[in-house]
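Notes follow the structure.
Hydrogens, waters and symmetry mates play no part in the numbers below; they use all other heavy atoms, side chains included. Here is the naming used below: chain letters follow the sequence lines, and residue numbers restart at 1 for every chain.
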Amino acid sequence: METTNSSQWPTGSILAYGTFGTRTPAGKRYRLRATAALAAFTILWLLSIYLWKTHVSPTLLWGTIGAIAPGLTFSFVAWETHRYWLSLDELARRLQLEAAAWTYLVGIAAGMLFGGFSFVFYNSASVWFWCSPMWVILLEPIRAFVLYRLAKRY
Amino acid sequence: MKNELRVLRARHRLSQADLAEKLGVSRQTVNAIETEKYDPSLPLAFKIAELFQSRIEDVFLPNGKDPHV
């Protein structure tokens, strides 16, 4: 019988994926689907952009795929994340939601700080700069790190 | 909040993992409740009390209250 006071949260999974491991069916499903979606997206997106840029016919089709693929993929990943959160128990869900809330606040603060400097010094105030998908990718490690720190409390 | 979960679990010869399975939560959640780092929701608190056939106030005690008085 355990007398340990250790939680033993799966650190690797938290930092790499922002999840609590694949021991549960929901954890397995989330990782499998998110990884498959991102892998398919990477191949499809790079291929479609290449074909569109090199004017391989039909260019309109490749351009359209290249345009909608990021949004479609990340909508799917977001939906799967939501399903994964719903499958968690109350403590794990609380940690996930708190990590998401902190990430949102860090995103607002860091985005505005960086945006202000960019606007003044680099003249990068185009709509494409503000809507760059890179922002989402930069926020994920922050979410994973906050989740790790929060889990350590318990 | 103080609680008697560890004592009750030991009395019933359950591991943290066994108890977690019976309650439908993770082992980490059981550990966090036992170490008094996390107060469970009311439904989970009732479930724990029901599992050990105790009253909720016998399992969970307000801070500072001696469980054995």
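In this structure, chain B has no heavy atom under 4.5 Å from any part of A:Arg23.
Proximity to chain A at a heavy-atom threshold of 4.5 Å picks out B:Pro40, B:Ser41, B:Leu44 from residues 40-56 of chain B, in numerical order.
A:Leu72 and A:Leu44 end up in different hydrophobic clusters when Ile, Leu, Val, Met, Phe, Trp and Tyr side chains are linked at under 4.5 Å. Linking Ile, Leu, Val, Met, Phe, Trp and Tyr whenever their side-chain heavy atoms come within less than 4.5 Å leaves A:Tyr17 and A:Leu138 in two separate clusters. The cluster map of Ile, Leu, Val, Met, Phe, Trp and Tyr, joined by side-chain heavy atoms under 4.5 Å apart, puts A:Tyr50 and A:Ile68 in different clusters. Using a 4.5 Å cut-off between side-chain heavy atoms of Ile, Leu, Val, Met, Phe, Trp and Tyr, with links allowed through other members, A:Phe76 and A:Phe74 fall into different hydrophobic clusters.
Other residues, nucleotides and ligands contribute at most 12 non-hydrogen atoms within 6.0 Å of the CZ atom of A:Phe145. Crowding of A:Trp9 atom CH2: a count of heavy atoms from other residues, nucleotides or ligands under 6.0 Å exceeding 12. Open room surrounds CD on B:Glu21; 12 or fewer heavy atoms of other groups in view lie less than 6.0 Å from it.
Here the closest non-hydrogen pair linking B:Ala32 and A:Leu91 is CB-CD2, 3.7 Å.
Under the ring-ring contact (aromatic ring centres under 6.0 Å, His included) criterion, the residue pairs touching residues 77-97 of chain A are A:Tyr30-A:Tyr84, A:Trp79-A:His82, with sequence neighbours excluded.
Put simply, CD on A:Glu90 and CD1 on B:Ile33 are 6.5 Å apart, with the number rounded to the nearest 0.5 Å.
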Report the C-alpha separation of B:Gln28 and A:Tyr154 in whole Å, then their side-chain angles, then the decisive distance to 0.1 Å, and conclude whether the side-chain contact (heavy atoms from CB on, under 4.5 Å) test is met. CA-CA 8 Å; B:Gln28 284 89 348; A:Tyr154 298 97; over 6 Å; no
